[in-house]
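In this text the structure is predicted, and so the values were computed from the model without any measurement. Values reported hereafter were calculated over all heavy atoms of this structure, with side chains retained and with hydrogens, waters and symmetry mates removed.
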Amino acid sequence: MINTMFYFIATFLTIAVGYCINSFIAIWVGENKVLDSVSLYCLLFVFYHTIARRPQYILKDVFALYKELQLISIAEAIATLLFSYMLVIHLGIKGILIAAVLAIIVTNFWYFPVVLYKKIFNKRPVLDFCKYFFSIGLTGSILWFSNKYLPAISKQSFLIWFVSSCVYSIGILAVLLMAYFLVFKSFRGLCGKGMNVVKDVIIHRRK
């Protein structure tokens with residue numbers, strides 16, 4: 001249930017940041033400083049991955065699985081250096097961002113949950129990978145649709161940007177709530193518990 005919640009949070013924040021960030025950069029430092037598509041999506045992937053896998057990092061600390069997962073941290077660092085060396089020559093800073101994504105995919109992305117689920121739950125992380133791919137696929141689809149069919153966030157002023165970003169984020173929140181509610185039983189349970197908490201608070205205040 002908590003795992004699903006973090007996938008929901010990661011999806012929402014990644015979409016909101018991905019759609020609004022370049023307009024903010026344009027207002028703050030100028031149009032010539034906005035991120036190109038490759039750099040933006042590399043940063044968004046790392047951002048999404050970090051949030052989505054947060055419950056697993058917490059479990060690693062709770063169950064003290066440092067020795068079992070130490071090797072993959074070293075492997076990820078080495079992979080990042082190797083990919084960076086190969087790509088930075090041809091692509092510059094963009095190559096470092098791509099290298100960071102590739103290093104996560106070939107190391108942390110698959111090894112971390114496999115070891116964690118085997119040590120703690122004694123099962124394969126099939127459902128976790130399904131949630132990961134569903135959420136990141138949904139993120140990419142909504143960002144693609146937003147960039148292709150919706151008007152860009154206003155760059156006239158910080159106030160207009162903030163209001164426009166809030167309106168967009170509220171709309172995305174509604175869409176994601178509906179999607180996760182329909183797809184994930186654990187999310188429906190989470191929403192039910194949340195509604196019960198709200199009801200208890202309202203009843204307590206009336207008393």
Any side-chain heavy-atom pair from [X] and [Y] closer than 4.5 angstrom?
| X | Y | result |
| --- | --- | --- |
| Leu176 | Leu138 | yes |
| Ser146 | Tyr168 | yes |
| Phe47 | Val17 | yes |
| Asp36 | Ser39 | yes |
| Lys131 | Val183 | no |
| Phe121 | Leu116 | no |
| Glu76 | Val106 | no |
| Ile105 | Trp110 | no |

May I ask you to decide if [Y]'s main-chain N or O and [X]'s side chain share a donor-acceptor pair within less than 3.5 Å?
| X | Y | answer |
| --- | --- | --- |
| Asn196 | Gly192 | yes |
| Arg188 | Leu182 | yes |
| Trp28 | Ser23 | no |
| Asn22 | Val34 | no |

Proximity of [X] and [Y] rings by center, below 6.0 Å:
| X | Y | answer |
| --- | --- | --- |
| Phe184 | Tyr7 | no |
| Tyr48 | Tyr41 | no |
| Phe12 | Tyr19 | no |
| Phe181 | Phe187 | no |

Measure up the His49 and Phe109 rings against each other and bin them: parallel (under 30°), tilted (30 to 60°), perpendicular (over 60°).
tilted

Quick one: sort the Tyr57 and Phe112 rings into parallel, tilted or perpendicular, breaks at 30° and 60°.
perpendicular

Got a second to check how far [X]'s [atom1] is from [Y]'s [atom2], nearest 0.5 Å?
| X | Y | atom1 | atom2 | answer |
| --- | --- | --- | --- | --- |
| Ser165 | Ile172 | OG | CD1 | 11.5 Å |
| Leu102 | Ser84 | CG | OG | 9.5 Å |
| Leu44 | Leu143 | CG | CG | 6.5 Å |
| Ile2 | Ile9 | CD1 | CD1 | 9.0 Å |
| Ile142 | Asn147 | CD1 | CG | 12.0 Å |
| Cys42 | Ile96 | SG | CD1 | 11.5 Å |

For Tyr132 and Arg53, what are the C-alpha separation, side-chain angles and deciding distance, and is it a side-chain contact (heavy atoms from CB on, under 4.5 Å)?
CA-CA 9 Å; Tyr132 192 103; Arg53 287 287 169 83; 3.6 Å; yes

I'd like to know if [Y] and [X] are part of one continuous hydrophobic network [Ile/Leu/Val/Met/Phe/Trp/Tyr, side-chain heavy atoms within less than 4.5 Å].
| X | Y | value |
| --- | --- | --- |
| Phe24 | Leu159 | no |
| Phe45 | Leu13 | yes |
| Ile104 | Tyr85 | no |
| Leu35 | Val29 | yes |
| Ile51 | Ile58 | yes |

Does [X] [atom1] have over 12 foreign heavy atoms under 6.0 Å away?
| X | atom1 | result |
| --- | --- | --- |
| Phe158 | CZ | yes |
| Phe129 | CZ | yes |
| Ile74 | CD1 | yes |
| Asn122 | CG | no |

Apply side-chain hydrogen bond (donor to acceptor under 3.5 Å, both in side chains) to the pair Gln56 and Asn3, showing each step before the final yes or no.
CA-CA 8 Å; Gln56 295 184 14; Asn3 197 31; 5.0 Å; no

On a heavy-atom basis, which atom in [X] and which in [Y] lie closest, and how many Å separate them?
| X | Y | result |
| --- | --- | --- |
| Phe83 | Ala99 | CB-CB, 3.4 Å |
| Ile27 | Ser157 | CD1-O, 3.6 Å |
| Ala10 | Ala52 | CB-N, 3.8 Å |

Could you go step by step and tell me if Met86 and Ile98 meet the side-chain contact (heavy atoms from CB on, under 4.5 Å) rule?
CA-CA 11 Å; Met86 290 186 291; Ile98 297 173; over 6 Å; no

Please evaluate residues Leu97 and Val38 with respect to the criterion side-chain contact (heavy atoms from CB on, under 4.5 Å), reporting the C-alpha separation (whole Å), side-chain torsions for both, the decisive distance (0.1 Å), and the verdict.
CA-CA 9 Å; Leu97 297 175; Val38 174; over 6 Å; no

List the steps and the verdict of side-chain contact (heavy atoms from CB on, under 4.5 Å) for Tyr180 and Thr11.
CA-CA 10 Å; Tyr180 274 76; Thr11 302; 2.9 Å; yes

Under 3.5 Å, is there a donor on one side chain and an acceptor on the other for Ser186 and Thr4?
yes

I'd like to know whether Ser164 forms a side-chain hydrogen bond (donor to acceptor under 3.5 Å, both in side chains) with Ser154, so could you lay out the CA-CA distance, the side-chain angles of the two residues, the decisive distance to 0.1 Å, and finally the verdict.
CA-CA 7 Å; Ser164 301; Ser154 176; 5.4 Å; no

